[in-house]
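One structure is given here, and the rest of the page talks about it.
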Amino acid sequence: MDTDNSDQMSPRARFASDLERYRKKAKLSQISLSVRMRCHTSLISHVERGRRTPTLEFAEAADQAFDLDGHFAKLYRQITHSPALGWFARWVEEIEPQAVILQSWDPLLVPGLLQTPEYARAIFSTTSPPDRAEERVQARTRRMQIFDSPTPPVFLALIEDSVLHRPIGGSEILLNQLRHLQELSRHPRITVQLVPTAAGCVAGTMSAFALARLRDGSEVVSADSVLSGHVTGDHDAVAQLKVRYDNIRADALPHTVSQQAIEDAIKKWAN
């Protein structure tokens, strides 16, 4: 392996590259490797192409398949501790695809699941090196694929109305983002409700957060902090954020009124 090039890769890209390299060295097809690892062939393909973040179980199975002493498990740990992904990768790869209902509250930004690539890039470019920023943008924009599944989740998004007037990345990027948000608000599985700043919503001043109810009935939350975020299924944490979400939603505008407010903001930024 060219160590210079591998050193420049993110842990996730290195995992994908090494999986393909070891597979070809062993003269295995993706089908043959999936049999060895006891997983679906499409998962091998998605990981090799960087479309899926590997799980610890997948990493350990790869180590066993190639008789390696923890090589892929080590890369997995680097991925989950990477500033570029980490908790975010777990939420995107493990939680959202299994969700029946997703609920989010965002006081400062358009929810990640509803962001355009340009809007997301404007956010990440201020906090991450270019390669990591682009990796996060791609991961974020792929998230909408969950609504193309045979059983898409219901998504309830609460957004403070000040977000419509915050020109992240400039007025043109915000305008395109608002048009995108308007279109998505018409999706049968997506409800967008604005919370007026004038409501003085104390419950929502802490931070952005999201809740997910999974197919097995379990519930998980993701809460932002200043430097990162945290994903947990702890009962008390889930219960606390569910109460907070209900309190915020009590101040929210109806869905149709929110759509009109988005339309008004589009007209403002288009002029």
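Heavy-atom basis, side chains included; hydrogens, waters and symmetry copies ignored.
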Can you list everything that forms a side chain to side chain contact (heavy atoms under 4.5 Å, CB included) with [X]? Sequence neighbours excluded, please.
X	answer
Asp264	Gln260
Ala59	Phe15, Phe72, Tyr76
Arg215	Gln98, Val100, Thr151

Measuring from [X]:[atom1] to [Y]:[atom2], what's the distance to the nearest 0.5 Å?
X	Y	atom1	atom2	result
Ile159	Ser185	CD1	OG	9.5 Å
Ser104	Phe155	OG	CZ	3.5 Å
Ile190	Leu114	CD1	CG	5.5 Å
Leu109	Ile123	CG	CD1	4.5 Å
Gln103	Leu241	CD	CG	10.5 Å
Asp63	Glu60	CG	CD	7.5 Å

Point to revise | Residue pairs passing the salt bridge (Lys or Arg N to Asp or Glu O under 4.0 Å) test where at least one lies in residues 107-123, sequence neighbours excluded | key: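 Qualifying pairs, neighbours excluded: Arg121-Glu134.
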
Exercise for review: Give every residue pair that meets the salt bridge (Lys or Arg N to Asp or Glu O under 4.0 Å) criterion with at least one member in residues 26-49, sequence neighbours excluded.
Suggested key: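 For residues 26-49, and leaving out neighbouring residues, the salt bridge (Lys or Arg N to Asp or Glu O under 4.0 Å) pairs sorted by first residue read Arg23-Glu48.
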
Check your understanding: Has Asp67 got more than 12 heavy atoms of other residues, nucleotides or ligands less than 6.0 Å from its CG?
Key ->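 Result for CG/Asp67: open.
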
Kindly say whether [Y] contributes a backbone atom to a donor-acceptor pair with the side chain of [X] at under 3.5 angstrom?
X	Y	value
His255	Val192	yes
Gln177	Thr116	yes
Ser17	Ala13	no
Arg14	Leu75	no

Closest approach of [X] to [Y] (non-hydrogen atoms, all atoms of both residues):
X	Y	value
Ala157	Pro111	CB-CG, 4.2 Å
Met37	Ala65	CG-CB, 3.9 Å
Gln193	Pro254	NE2-CA, 4.2 Å
Leu164	Trp269	O-NE1, 3.0 Å
Arg179	Ala270	NH2-CB, 4.3 Å
Phe209	Arg244	CE2-CD, 3.7 Å

Is there side-chain contact between [X] and [Y], with at least one heavy-atom pair below 4.5 Å?
X	Y	answer
Leu102	Leu113	yes
Leu181	Tyr119	no
Glu160	Leu194	no
Asp106	Val163	no
Gln259	Arg186	yes
Arg249	Leu156	yes
Thr191	Val154	no
Val238	Val220	no

Point to revise | Lys24/Glu20 ion pair, N-O < 4.0 Å | key: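 Yes, charged N to carboxylate O under 4.0 Å.
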
Exercise for review: Answer with yes or no whether the side chains of Thr55 and Glu57 bring together a donor and an acceptor at under 3.5 Å.
Suggested key: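 Their side chains do not contain a donor-acceptor pair, so the 3.5 Å distance test is not met.
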
Practice item. Say whether Glu263 and Gln182, considering side chains only, have a donor N or O and an acceptor N or O under 3.5 Å apart. Key: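 Side chains of Glu263 and Gln182: pair found under 3.5 Å.
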
Practice item. May I have the step-by-step check of ring-ring contact (aromatic ring centres under 6.0 Å, His included) for His71 and Tyr22, ending in yes or no? Key: CA-CA 11 Å; His71 174 77; Tyr22 277 106; 5.7 Å; yes

Check your understanding: Given Ile173 and Ile168, is the side chain to side chain contact (heavy atoms under 4.5 Å, CB included) satisfied, shown in steps?
Key -> CA-CA 7 Å; Ile173 287 178; Ile168 301 295; 5.8 Å; no

Practice item. Give the intermediate values and the outcome of side chain to side chain contact (heavy atoms under 4.5 Å, CB included) for residues Tyr245 and Lys242. Key: CA-CA 5 Å; Tyr245 191 86; Lys242 284 175 71 175; 5.6 Å; no

Practice item. Could you please spell out the steps behind the side chain to side chain contact (heavy atoms under 4.5 Å, CB included) verdict for Lys268 and His165? Key: CA-CA 9 Å; Lys268 167 192 167 183; His165 309 288; 3.1 Å; yes

Practice item. List in chain and number order the residues that pass side chain to side chain donor-acceptor pair (under 3.5 Å) with Ser32, two or more places apart in sequence or in another chain; answer none if no residue qualifies. Key: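 In terms of side chain to side chain donor-acceptor pair (under 3.5 Å), with neighbours along the sequence ignored, Ser32 is linked to Ser29.
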
Point to revise | Same cluster (ILVMFWY, side-chain, under 4.5 Å), Leu33 and Val35 | key: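 Shared cluster, no.
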
Practice item. Kindly work out whether a path of hydrophobic side-chain contacts (I/L/V/M/F/W/Y, heavy atoms less than 4.5 Å apart) joins Val243 to Val221. Key: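 Val243 does not cluster with Val221.
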
Review point. So Gln115 and Arg143, side chain to side chain contact (heavy atoms under 4.5 Å, CB included) or not? Walk me through it.
Key: CA-CA 10 Å; Gln115 290 176 6; Arg143 292 165 67 186; over 6 Å; no

